[in-house]
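Here is the structure we will look at.
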Amino acid sequence: MGHQLERIRNIGLMAHIDAGKTTTTERILFYAGRTHRMGEVHAGESQMDWMELEKERGITITAASTFCTWKDHQINIIDTPGHVDFTAEVERSLRILDGAIGIFCAVAGVESQSETVWKQANRYGVPRLIFINKMDRPGADFDRVVSELHGRLGANAVPLQIAVGLDGEFRGIVDLVSMKAIIWDEDELGSRYTEGEIPEELLGRAEDQRINLLEKLSEINDIFLEDYLEGVSLPADRLISEIREATVSGKLFPVFCGAAFKNKGIQTLLDAVVDFLPSPVDLPPVTGIYPSTGDFITRAPSTDEPFAALGFKVTTDPYVGKLTYIRVYSGKISAGDYVFNSSADRRERISRILRMHANNREDVKSARAGDIVAAVGLKRTTTGETLCDGRNPIILESMIFPEPVVSVAIEPQSKSDEKQLLLALQRLLDEDPTFNVNYNRETGQTVIAGMGELHLEVLVERLIREFNVRANVGRPEVAYRETITEIADAEAEFDRESGGRRQYGRVVMRFEPLPIGTGFLFENKLAGGAVPKEYIPAIQKGVEDACSCGVIACYPMVDFRAILLDGSYDELDSNVMAFEIAASMAYKSGLSRAGPVILEPIMEVEIHTAEEFLGDLISDVTSRMGKIMGVEEGYGGKIISSQIPLRTMFGYTTELRSRTQGRATHTMQFWEYQKIPRAVQEKIVEKTRKGY
Ligand code: GDP
Ligand code: MG
């Protein structure tokens with residue numbers, strides 16, 4: 001496929017769940033001739049939602065990548081998930097996209113989740129088109145959605161189309177650039193449409209909207225303003241290039257409409273992708289750092305530059321094994337090449353390069369700047385890592401993921417299930433860096449922590465279905481942690497006879513609190529040869545392993561330093577195991593005396609509400625032990641910013657809806673871990689003792 005860089009579009013579709021992202025992607029692939037049968041989401045045969053689970057639930061979980069060609073342009077599409085719990089996947093895809101289509105429902109308008117994703121895209125500076133979908137539904141209101149785009153998202157949204165036929169009668173659009181009407185045939189699955197004159201009754205509105213478009217362009221470009229005021233003729237191609245420039249620079253968001261499900265508005269949207277969204281060369285060079293000096297360097301989007309690419313997703317494919325999705329920023333690679341992973345400082349070989357179409361694949365010989373492909377053969381490259389030319393290394397900005405704050409306990413039913421569980425979790429961890437696994441020695445349970453309830457539910461279902469693990473699964477809970485607040489010293493000696501052999505090791509250690517978020521540090525301050533060097537790693541490991549179970553309620557112990565001060569050994573009877581155990585004994589006795597406390601995740605919660613519920617919702621936040629950080633004017637109401645402990649927020653979505661008859665929505669994200677109040681800690685300890 002010999003497309004020039006100018007003819008590539010790397011785009012994503014972003015939307016609130018149910019706005020029609022999957023249906024729109026399906027139609028795009030259909031009209032661009034990539035699929036021959038249209039899959040319907042509701043019938044469970046969508047081509048993009050290929051995981052069994054996604055089919056059953058009709059939602060998109062993994063971001064699959066696919067491509068198609070339209071008017072001699074190659075369009076690479078990354079399908080991004082819509083739910084907050086998968087926000088890391090959304091961030092990952094925004095990072096590597098050149099442009100996006102924001103899809104909104106013509107009836108529901110701007111919903112809270114689309115607001116979150118929109119702001120994320122602002123942060124990554126992604127140019128966007130807006131597609132107002134479901135224009136066929138009764139109650140569809142194009143103008144209202146446009147004004148919400150202005151009000152709630154602060155987006156300079158400018159219609160390039162108006163609808164023909166309202167309230168269940170939607171038939172087509174008026175293109176405000178060409179000032180022509182486009183009407184779709186009902187029976188030809190939308191593949192045929194006719195261009196004609198604007199219907200009489202829409203002429204006035206079309207004129208008004210075109211003036212609005214010209215005025216918006218005038219606000220952005222002074223030269224255009226002069227030409228417009230002087231009445232210079234403004235042909236379609238002049239308008240298209242003005243709109244393109246404004247869109248690429250993020251100053252304007254052109255708005256289109258249609259009904260994906262009714263096969264209307266897709267071809268015109270594809271034209272817009274080609275006309276208005278940037279190619280890889282339209283964007284500034286990507287910035288990274290030079291590994292040994294930390295200096296900023298750049299790579300221009302050109303095959304003449306050294307190779308640089310970013311891994312943005314890892315999946316396991318049943319046929320070819322591990323697949324690493326990469327976005328190539330510069331240079332070129334061929335199947336069989338060695339590449340340098342600059343983030344992890346190691347060389348890897350790419351054995352095959354695949355172009356992905358949902359779960360089908362096509363082998364290609366090489367990949368170049370601007371391409372999005374899947375690489376086979378990269379054994380140890382994970383999400384967010386940079387691959388590059390070893391002689392010209394660069395580390396592209398990596399991604400930071402939020403903390404996993406909700407956890408669930410899993411109890412394998414048998415020894416073989418336990419083995420299978422460990423294997424499966426390792427595979428899932430390769431794919432998804434946003435959850436973690438912890439073993440609770442006291443209960444024998446494996447605890448996995450993730451972004452939210454849905455995230456965990458999906459992980460658990462995959463364990464059970466894909467990996468056939470039989471296990472009892474607990475209820476989702478807050479992922480608490482433990483830490484210490486004081487310094488304490490501890491001495492521990494392990495001296496035992498087992499199987500006719502003595503085992504011996506003794507350590508003296510000091511434990512010190514560290515600031516929240518630091519993690520665990522180990523320091524060796526041993527004088528002389530009190531303990532031989534080969535046992536030091538065992539002592540560190542003894543403490544590190546013990547950290548999975550804190551001293552209060554067996555939550556992971558974090559944010560402290562263990563210092564090895566002294567110890568003794570026996571020439572004959574000491575071994576690695578004895579020192580590991582001695583260290584874990586010191587951990588237990590030392591930390592219990594170091595003022596241990598439980599830490600809990602505090603969430604940043606933003607509530608959008610109609611004004612009449614403001615007082616009620618504020619006092620509700622307070623009763624959830626939350627802090628009000630501010631109240632602002634929002635579109636059609638108020639916005640409450642607050643910080644609330646996660647433990648009081650389970651089931652909030654439902655409660656908010658019933659409290660306000662659906663006239664308030666909220667978004668929630670992790671803020672920080674904080675010490676839990678004494679009284680609450682005591683309750684947790686009591687509950688742990690009783691077992692539940
Ligand atoms: P996603 O969650 O954003 O991927 O949305 P889907 O594509 O799964 O669509 C959600 C639901 O809306 C499905 O039942 C679709 O059939 C329906 N839908 C999608 N587009 C349209 C449309 O243009 N008109 C109508 N009436 N329904 C649509
Ligand atoms: Mg979907």
Side-chain angles (χ1 to χ4, degrees), residues 11-31 35 37-66 77-87 89-90 93 100-118 121 128-142 145 161 163-173 182 184 186 189-191 193 255-270 358 454 458:
I11 65 162
L13 282 70
M14 31 189 261
H16 190 279
I17 204 144
D18 269 359
K21 196 175 51 189
T22 303
T23 311
T24 305
T25 311
E26 293 279 343
R27 298 310 193 260
I28 288 176
L29 296 178
F30 179 77
Y31 294 117
T35 48
R37 190 177 55 129
M38 254 188 247
E40 300 298 353
V41 175
H42 62 243
E45 38 177 63
S46 152
Q47 302 227 0
M48 290 296 285
D49 291 342
W50 55 278
M51 280 171 41
E52 196 180 341
L53 194 62
E54 296 185 357
K55 281 186 189 162
E56 273 178 28
R57 300 189 167 202
I59 57 168
T60 307
I61 296 159
T62 42
S65 127
T66 186
I77 304 167
I78 308 293
D79 188 26
T80 53
H83 195 277
V84 229
D85 281 9
F86 305 106
T87 180
E89 294 222 347
V90 180
S93 27
I101 305 174
I103 302 177
F104 297 86
C105 169
V107 180
V110 177
E111 293 161 278
S112 62
Q113 180 55 25
S114 24
E115 201 168 329
T116 311
V117 181
W118 189 268
R128 273 150 283 172
L129 308 179
I130 291 162
F131 183 61
I132 301 183
N133 188 34
K134 304 198 186 182
M135 287 298 295
D136 60 306
R137 283 182 56 188
D141 190 341
F142 183 81
V145 182
Q161 299 177 340
V164 179
L166 288 177
D167 262 328
E169 301 282 308
F170 178 69
R171 288 178 292 131
I173 55 110
I182 292 173
W184 274 269
E186 281 298 332
L189 279 182
S191 45
Y193 52 86
V255 184
F256 306 86
C257 66
F261 187 63
K262 296 288 166 73
N263 312 312
K264 296 185 178 72
I266 301 298
Q267 296 95 333
T268 35
L269 183 63
L270 279 166
L454 182 62
V458 167

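Worth knowing before you read on, the calculation uses all heavy atoms, side chains too, and leaves out hydrogens, waters and symmetry mates. In each ligand, atom 1 is the first atom listed, and ligand 1 is the first ligand listed. Just so it is clear, the structure is predicted and the values come from calculations on it, not from any experiment.
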**OP:** Please say whether Lys134 places an N or O atom under 3.5 Å from an N or O atom belonging to ligand 1.
**Re:** yes
**OP:** Give yes or no for whether the N/O distance cutoff of 3.5 Å, strictly under, is met between Met135 and ligand 1.
**Re:** no
**OP:** Would you kindly specify which portion of Asp136 sits under 4.0 Å from ligand 1, judged on non-hydrogen atoms: side chain, backbone, both or neither?
**Re:** side chain
Subject >> Side chain proximity check, Gln161 to Thr268, heavy atoms < 4.5 angstrom >> reply: yes
Original post:
Side chains of Arg27 and Asn263: closer than 4.5 Å at any heavy-atom pair?
Top reply: yes
Original post:
Do you know which of Ile101, Ile77, Leu29, Leu269 makes side-chain contact (heavy atoms from CB on, under 4.5 Å) with Thr24?
Top reply: Leu269
Subject >> Min side-chain heavy-atom separation Ile173-Cys257 under 4.5 Å >> reply: yes
Original post:
So, do Trp184 and Gln267 sit near enough that their side-chain heavy atoms are less than 4.5 Å apart?
Top reply: yes
**OP:** For residues Ile130 and Ile132, determine if any side-chain heavy atom of one lies less than 4.5 Å from a side-chain heavy atom of the other.
**Re:** yes
Original post:
Would you say ligand 1 has an N or O under 3.5 Å from any N or O of Lys262?
Top reply: no
Original post:
Which atoms of ligand 1 have any heavy atom of Arg137 under 4.0 Å away?
Top reply: 26 (N)
Original post:
When only distance counts, is Ala15 in polar contact with ligand 1, meaning an N/O pair under 3.5 Å?
Top reply: no
**OP:** Indicate yes or no: does an N/O atom of Lys21 lie under 3.5 Å from an N/O atom of ligand 1?
**Re:** yes
Subject >> Under 3.5 Å: donor-acceptor pair, side chain of Asn133, backbone of Ala106 >> reply: no
**OP:** Under 4.0 Å from a heavy atom of Thr23: give me the atoms of ligand 1 that qualify, with their elements.
**Re:** 6 (P), 7 (O), 9 (O), 15 (C), 19 (C)
**OP:** Please determine if Gly258 has a nitrogen or oxygen closer than 3.5 Å to a nitrogen or oxygen of ligand 1.
**Re:** no
Original post:
Under 4.0 Å from ligand 1, counting heavy atoms only, is it the side chain of Asn133, its backbone, both or neither?
Top reply: side chain
